[in-house]
Amino acid sequence: MEQLRVFTFAPGWGLPTVGPFALKLLGWLDWNGIVYRQEIENRSDRGPMGKSPWIEQGNLRLGDSDIIIRYLAAQQGQPDPTLCRTAAQVGNFGLRIAFEERFHQILEWELFVYPAGRHEMRKIILAQTPPVIGPLVFRAMTRHFARQLHARGIARLPAAEIVAEGQRLLDALALKLAHGDGWLDPDGPGLTDFAVWGQVAQMLCWPMQTPVADYAKSLPVLQAWHNRLSKRESAG
Ligand SMILES: N[C@@H](CCC(=O)N[C@@H](CS)C(=O)NCC(=O)O)C(=O)O
């Protein structure tokens with residue numbers, strides 16, 4: 001079989017990539033013992049869907065973490081992990097979408113709108129780009145995300161509401177973890193764990209002080225789950 005290449009944003013903050021959906025994919029691949037080569041590509045517009053991550057295998061180019069995982073699971077002879085077959089899986093599906101859709105916007109808001117996040121992103125982008133274009137790239141990027149967040153409605157809320165929403169989602173996650181056997185999925189870490197972890201891990205790791213990330217760091221059950229998931233070991 002042709003080599004699997006996984007295109008992700010660069011590593012950062014002690015994580016193999018700073019891309020939330022890419023982190024989900026890498027975690028799922030590692031835990032399933034699937035061999036791949038990680039290719040660092042910070043430009044999401046080079047991918048088949050204009051989003052990061054994507055994979056390439058021979059002539060195939062595939063975007064979207066769910067589509068990729070479905071494709072690779074089928075290649076391994078595994079059932080589709082994105083399908084719900086039990087009522088418990090319906091609950092996990094809701095949790096996953098809440099984090100991948102809603103929490104993801106809060107993450108972007110802390111990174112590109114909240115002052116401490118913007119300051120850190122500016123430093124990172126200036127370090128990654130040639131001196132003359134760095135400030136232009138940073139300005140274009142923050143404008144792009146601010147517009148997206150405004151269009152989706154979240155950036156129209158008062159900051160205190162955005163923070164409270166982030167904290168509510170983290171409380172729900174902590175509650176679910178505290179009442180399980182250490183994982184969100186019933187039989188050890190699965191798609192729900194990796195998808196939600198992808199959205200939360202950056203906040204647990206980044207150094208700057210932003211309100212939702214500070215709250216995440218204050219929840220020991222999240223930190224313990226993160227430590228288990230970030231080992232990058234395969235189940236086999
Ligand atoms: N549904 C996609 C979402 C991917 C996504 O939103 N990626 C972000 C980075 S985490 C991205 O490429 N953003 C660039 C943009 O929106 O222009 C997936 O599951 O892969």
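We count ligands from 1, going down the list as the structure has it; atoms in each ligand are counted the same way.
No side-chain donor-acceptor contact under 3.5 Å links Thr8 to the backbone of Ala22. Using modelled atom types, no side-chain atom of Asp185 and backbone atom of Gly188 make a donor-acceptor pair closer than 3.5 Å. Using modelled atom types, no side-chain atom of Arg70 and backbone atom of Asp80 make a donor-acceptor pair closer than 3.5 Å. At least one donor-acceptor pair under 3.5 Å links the side chain of Glu110 to the backbone N or O of Val212.
Near Ser44, the atoms of ligand 1 lying under 4.0 angstrom from a non-hydrogen atom of the residue are 12 (O), 14 (C).
In this structure, Pro53 counts as a contact residue of ligand 1, since one of its heavy atoms falls inside 4.0 Å of the ligand. For Gln148, the closest heavy-atom approach to ligand 1 falls below 4.0 Å. The closest approach between a heavy atom of Phe9 and any atom of ligand 1 is below 4.0 Å.
Closest to atom 1 (N) of ligand 1 among all protein heavy atoms lies Asp64 OD2, 3.0 Å. For atom 10 (S) of ligand 1, the closest non-hydrogen atom on the protein side is Pro20 CD, 3.3 Å. What sits closest to atom 7 (N) of ligand 1 on the protein, heavy atoms only, is Ser52 O, 2.9 Å. For atom 11 (C) of ligand 1, the nearest non-hydrogen atom of the protein is Lys51 CD, 3.7 Å.
Any N or O atom pair closer than 3.5 Å counts here, and Lys24 shares no such pair with ligand 1. Annotation: Asp66 places no N or O atom under 3.5 Å from an N or O atom of ligand 1; distance criterion only.
With a 4.0 Å cut-off on non-hydrogen atoms, His144 touches ligand 1 through its side chain and not its backbone. Residue contacts with ligand 1, taken as heavy atom pairs separated by less than 4.0 Å, involve Ser65 via backbone and side-chain atoms alike.
The aromatic rings of Trp183 and Trp31 sit perpendicular, their planes meeting at an angle over 60°, well past the 30° parallel limit.
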Give the C-alpha distance, both sets of side-chain angles, the deciding distance and a yes or no for side-chain contact (heavy atoms from CB on, under 4.5 Å) between Gln75 and Met1.
CA-CA 10 Å; Gln75 203 174 62; Met1 197 176 298; 3.5 Å; yes

Under the ring pair (Phe, Tyr, Trp, His ring centres under 6.0 Å) rule, what do Trp28 and Phe194 come out as? Steps first, then yes or no, please.
CA-CA 6 Å; Trp28 184 86; Phe194 294 114; 8.0 Å; no

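Closest approach of Lys24 to Ser65, counting heavy atoms only: NZ-OG, 2.8 Å.
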